[in-house]
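What you are looking at is a predicted structure, and each value in this text was computed from that prediction instead of being measured. Naming: A, B, ... by sequence-line order, numbering from 1 per chain.
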Amino acid sequence: MLKSIFINRYTMTFTVTIVVALLWNLFILFNDSGILSGRVVDRNNQPVADARVVLSEKTLLVTAPRDEVKTDQNGYFRFEGHRLYHLYLEAMKGDARSSSSREVRLYFKGQNKKLKEPLVLGSDR
Amino acid sequence: MSIIKRKRTRELLLIGFFLAPSLIIFILYRIIPLIWNGILSFEFWSPYKPAEFAGLYHYQEMLFYDDVFWEVLLNTVIFMLSSPLGILLALGIALLVNAPIRGRNLYRTIVFMSYPVMTVAVGIIWQWLYNEKVGLINYILMSLGFIDQGIPFLESFNLALPCVIVASIWQVVGFYMIVLLTGLQNIPPSLYESAAIDGANSWQRFKRITLPLIRPSIFICIVIGIINSFTNFDLVFVMTQGGPGHATDLLITYIYDEAFKLSKFDYAAALTVVNFVFFLGLALLANKLSGGEAGAVETGD
Amino acid sequence: MKRYEKRLGLVLAFFSILLFMTASQGMTEDKKLTVLTWNIPYFEEGFNQWVTAFNEIHPDITIERLDKKGSEWSTFYQTQVVAGTAPDIIDVQGGLWLEYASKGGLLDITDYLKRDTDYTERIYPEILGSWVFEGKNYGVPLYISKTLLFYNKLMFKEAGLSGPPASFDELLSFAQKMAQGEKTGFMTLNFDWLYWPLFAANGIELLTPDLKKAAFNTPEAVALVEKLAEATASGAINKISWTGRWVEPNGAFASGTVGMLHAHAPAFLWFKSKADWVNEETVGATHLPGGWSTPNSHALLISKSVKYPDAAWDFVKIATSGAGAEALGKGTNNLTGDKIVNEQLFSYFEKELPAVVPVLKTQLEYLDKLCGNWPAAKDAEIKEAFYPELQNALLGQKSAQDALADAEKKVNRVLQKR
Amino acid sequence: MHRYPHWPFHVTLSTICALMLVPFIWVLKTSLTGENIFTYPPSVLPQDPHLFYYVDVWYTIPFFRYLVNSFLVSLIVVVANIVFNAMAGYALTREFIGKKAIIILFLSCMMIPFQVTIIPAYLITKELGLLNTHLGMALPVMSTIVCIFVFKASFDAVPRSLIDAARIDGLPDWKIIFKVMVPLSQSAIATNIILAFIWSWNNFLWPLVIIRDQHMQTLPLGLSRFLTVVEDTTGALYAFCIMVLIPGLVIFLLAQRQFIAGLTTGAAKG
């Protein structure tokens, strides 16, 4: 009779939910170092070295910068340790800016992510 | 003799014990508040002032001066009279999804799904569906060529209430369905089997077996329909706020507005009392029509 | 056979443990002030700044923060008042406070305002005047907003119109020009008295100056309501104007099918975040012809039952002036009642959110032409008596004449009743 | 049983379901795109759907905390409802003096809408010391009259002969309930679970009034976070609605498997 109390479809559903949630949290635990990496290129698809990349957050329409890094000689940049899940990236060097800030959304705070599409500098200014 | 009597007392005690938890909850959260409202309705009262005796002032005000009261009462009655439509629809659906067909779980879920959805969001969707310029219903009607110009559903004094009623039926039909489904479950299949052997066709089986046996469930649905006409508060509140004018105001939205928007708690209390007496009368009538005892049935075996 | 008994036993045992657990969570009483805000749940960082600043002067008093949305705000507040646990400092929109003030539920802060002149001088006197009832001050502005006219420049161009309407008749004729198919020319918000500028622009008064009688049933008013009803029937005015709240009108304007929207300043932020096409070049912000507007500002007021009135007043000052007000302005993208802070806010917005600057500029202009903010004790009841009748006329259910006559009767009855 | 074609059932039900789903599709679609509902002409298919509004919901309110609270309250409500309603429902199947009065009392209790009881109910809860507690949130809905009548109807339908037989065997009343009646009323229990859960889960105004503590809030109270005036949170609002809806649907799916015609006779054999 104990079996019927503890093993029925209600408890099973509940347990499965808990297990899935635990696994998901385990996954988060190993993937939330807040690493965000990508590349900055110019209009001719050439990497841009030493460009400033600003990571910012929008609170009620106002952009608030949170972090800033520079690209290496191959145009790569890498942020570490941010705790955001909805952020914006903008690259700039001298007068050239990326056309508009790139919106990045993540599935959890500080999810590690590598941007596939590079930020393009000076695309329309 | 005394043994029977003792047994009888014990039985009564048991019945009392069984009823006690529910009764305590209802007394605390229904009866006492009702008495509170009853007392308040004879007073001038606001949260800031000590009460003053008002006699029948609020009742006079309501019955002789407040034409809005009569309008919302009429709306509430119309709303209530429309509930059989929902119940019939639900009965049809319940009979269909009670049949052993593939995918009935899915059908049941879809029909039921509209009941638990939060009204706030659905209300906005319904507003849009009914919108004169960009709403889906008008869009479809215009694409099909039935009309050239959008119909202002919710802005029309005549159409607004029926539109809210349709939305309300949409919301509550799943609820009726599961109550009726529960009723259908209580019918022993052996009855159908013997009827089939007797050569009764499906209409006769429905009329002679199903309908009488689910009478309690239908009674519950009717009562829910009555209650729904004054508790279906959220939908009206979100969709029309009782407007235009007072065309979709129900007693409950009116009472709520009077109490919490205008701080006329005393007047709202008088409205509550009248509302209560009126609907209790209707519910008792329903009880009587369904054979007394909340539609009790004896299974004939 | 024993299955059900044991099952029941287990369930009951579990249940009683649960009961015990929840019932044992007691409440502790300490020195505290409760602040009830009105639908700004996102405003957390700034609120904590207020609390920090407050605790520097009153380290022994804790601040409890509650926030309720408009539709439940007064239900919650009044229940708490009845129970004797009214929140001490409350953030109220529109004319709701009049009801409480007239029944003696709010603290008179006139003396505080007279005492702390360095605070009072920072606040716009016209706006401070919005919370005066029978000669006494009850509230100070938390953030200010009033109605203005937004117009969709793309639709204006399409209809061959060059700029915003200069007169009321032009407003209607422009609206007519833009109305076509799913498009409508004009729309207004209608809650509280937000539509009243349309009446004020035509010289119509709601009440006599002593606030004792209805004054709106005039031939001019009948003519105006007829005009509005006609424009509504023809589609020049969107019908949502008279039935919707704010989500639907703002959403409709954001979809780009409405030429002009008469709404309060925060509406801009909402439809801007809703629609990508909205920017300085596509949406204009101006005054309604004649410059009339209805304030929809929020005020901080203090409940009469407050235990520490001086401390509560200190909190109010922190929240509505200086650094506290600046935090609020930045945290909600609004202007405050503090003149000096607003200058700082403007330079902040010019840098961070230039699109909102023209909108906010209108908020400080024509402060002498505010309407729809009568200090009548029965404000809410008058509204309930008047508006449904007006709806009747505007949506063609009754003639303007009949509707206004009925409304006059009802409003006068409200004013005469005890 | 009888042989009849199934397709008319499917056609009818599909049509009904399609109509029922229309408002719902827009809820779902908006939760995936956050688009403006008032866009014209209306589009049925979502453009660029994504799940990030659900992430927004999770982080903008303390979702997990609220979820746990909602769950605890609903658990109390569901368990209490089954026990109390079954007891009361059984009592009403018996004959006793004042039964009519009790039924009328119950009926009249149904006729008092919750909104008019807020203030006295608050004061009572305060006297009981249950403000700000899970039990306080649960108490007013711990027994519901509709469900009492659902139970009564089910118990009434249990064949008399079965009860009489049990009584002759010398079983006391409470044993009759839990050994004879309850097993035969599976669908009533299922209905109770579903309805009690949903009522408690969606309860909005009552928790709003009695809960002051942030940590005690239930899920529906998170709603106001998505209805602020200064930012558009349409996508998150609808995502929130879906997230609040899902547990109710899961409970429905689990419990409704009890609705299988023929249970009564099947069990009657045992």
Is there side-chain contact between [X] and [Y], with at least one heavy-atom pair below 4.5 Å?
X         : Y         : value
Phe106(D) : Leu19(B)  : yes
His10(D)  : Ile101(B) : yes
Arg108(B) : Phe252(D) : yes
Ile119(D) : Phe265(B) : yes
Tyr238(D) : Met118(B) : no
Pro216(B) : Phe149(D) : no
Tyr107(B) : Ser14(D)  : yes
Leu245(D) : Met113(B) : yes

How far does [atom1] of [X] sit from [atom2] of [Y], to the nearest 0.5 angstrom?
X         : Y         : atom1 : atom2 : answer
Ser22(B)  : Ile148(D) : OG    : CD1   : 4.0 Å
Leu28(B)  : Leu128(D) : CG    : CG    : 6.0 Å
Ile110(B) : Leu249(D) : CD1   : CG    : 10.5 Å
Met142(D) : Ile24(B)  : CE    : CD1   : 10.0 Å
Met111(D) : Asn275(B) : CE    : CG    : 9.5 Å

Which portion of [X] sits near chain B, non-hydrogen atoms under 4.5 angstrom:
X         : answer
Leu253(D) : side chain
Trp7(D)   : neither
Val22(D)  : side chain
Pro8(D)   : neither
Leu107(D) : both
Thr234(D) : neither
Leu13(D)  : both

Looking just at side-chain N and O atoms, do Thr182(B) and Ser187(D) make a donor-acceptor pair shorter than 3.5 Å?
-> no
Go through Val173(B) and Met20(D) one step at a time and tell me if the side chain to side chain contact (heavy atoms under 4.5 Å, CB included) criterion holds.
-> CA-CA 10 Å; Val173(B) 74; Met20(D) 294 289 292; 3.3 Å; yes
Taking every heavy-atom pair that is under 4.5 Å apart, which of [options] has the most such pairs with chain D?
options                                    : value
Tyr256(B), Tyr115(B), Phe112(B), Phe276(B) : Phe112(B)
Val97(B), Ile25(B), Ile255(B), Leu40(B)    : Ile25(B)
Asp234(B), Ile227(B), Thr109(B)            : Thr109(B)
Leu12(B), Val117(B), Ile27(B), Asn131(B)   : Val117(B)
Trp128(B), Phe279(B), Trp36(B)             : Trp128(B)
Ala259(B), Ala268(B), Pro100(B)            : Pro100(B)

Measure [X] against the heavy atoms of chain D and call it side chain, backbone, both or neither at under 4.5 Å.
X         : result
Ile226(B) : side chain
Phe278(B) : neither
Ile178(B) : both
Pro47(B)  : neither
Ile32(B)  : side chain
Ile15(B)  : both
Asn105(B) : both
Ser114(B) : side chain
Glu11(B)  : side chain
Ala283(B) : both

Partner of Phe26(B) by side chain to side chain contact (heavy atoms under 4.5 Å, CB included), out of Ser108(D), Cys109(D), Pro140(D) = Cys109(D)
For Ile124(B), which of Val27(D), Thr30(D), Ile37(D) qualifies under side chain to side chain contact (heavy atoms under 4.5 Å, CB included)?
-> Ile37(D)
For Arg10(B), look at atom CZ and say whether over 12 heavy atoms of other residues, nucleotides or ligands are found less than 6.0 Å away.
-> no
With a cut-off of 6.0 Å (strictly less than), are more than 12 heavy atoms of other residues, nucleotides or ligands near CG of Leu13(B)?
-> yes
List the steps, then state whether side chain to side chain contact (heavy atoms under 4.5 Å, CB included) holds for Ile102(D) with Leu23(B).
-> CA-CA 9 Å; Ile102(D) 293 283; Leu23(B) 274 181; 4.2 Å; yes
Given the rule in the side chain to side chain contact (heavy atoms under 4.5 Å, CB included) test, do Leu34(B) and Val116(D) qualify, once you have shown the distances and angles that lead to the verdict?
-> CA-CA 8 Å; Leu34(B) 179 69; Val116(D) 307; over 6 Å; no
Does [Y] offer a backbone N or O that forms a donor-acceptor pair with the side chain of [X] under 3.5 Å?
X         : Y         : value
Trp126(B) : Pro23(D)  : no
Asn202(D) : Pro116(B) : yes
Trp26(D)  : Ile125(B) : no
Arg30(B)  : Ile112(D) : yes

Heavy-atom nearest pair, Phe260(B) first then Gln115(D), reads CE1-O, 4.0 Å
So, for Ile220(B) and Val150(D), which heavy atoms are closest and what is the spacing to 0.1 Å?
-> CD1-N, 3.6 Å
Relative to the ring of Phe18(B), is the ring of Tyr90(D) parallel (under 30°), tilted (30 to 60°) or perpendicular (over 60°)?
-> perpendicular
Determine, step by step, whether Leu181(B) and Gln256(D) satisfy the side chain to side chain contact (heavy atoms under 4.5 Å, CB included) criterion, reporting the C-alpha distance in whole Å, the side-chain angles of both residues, the deciding distance to 0.1 Å, and the verdict.
-> CA-CA 10 Å; Leu181(B) 211 47; Gln256(D) 66 119 14; 5.7 Å; no
Would you please test Phe175(B) and Trp199(D) for ring pair (Phe, Tyr, Trp, His ring centres under 6.0 Å) and show each step?
-> CA-CA 11 Å; Phe175(B) 181 23; Trp199(D) 286 332; 5.8 Å; yes
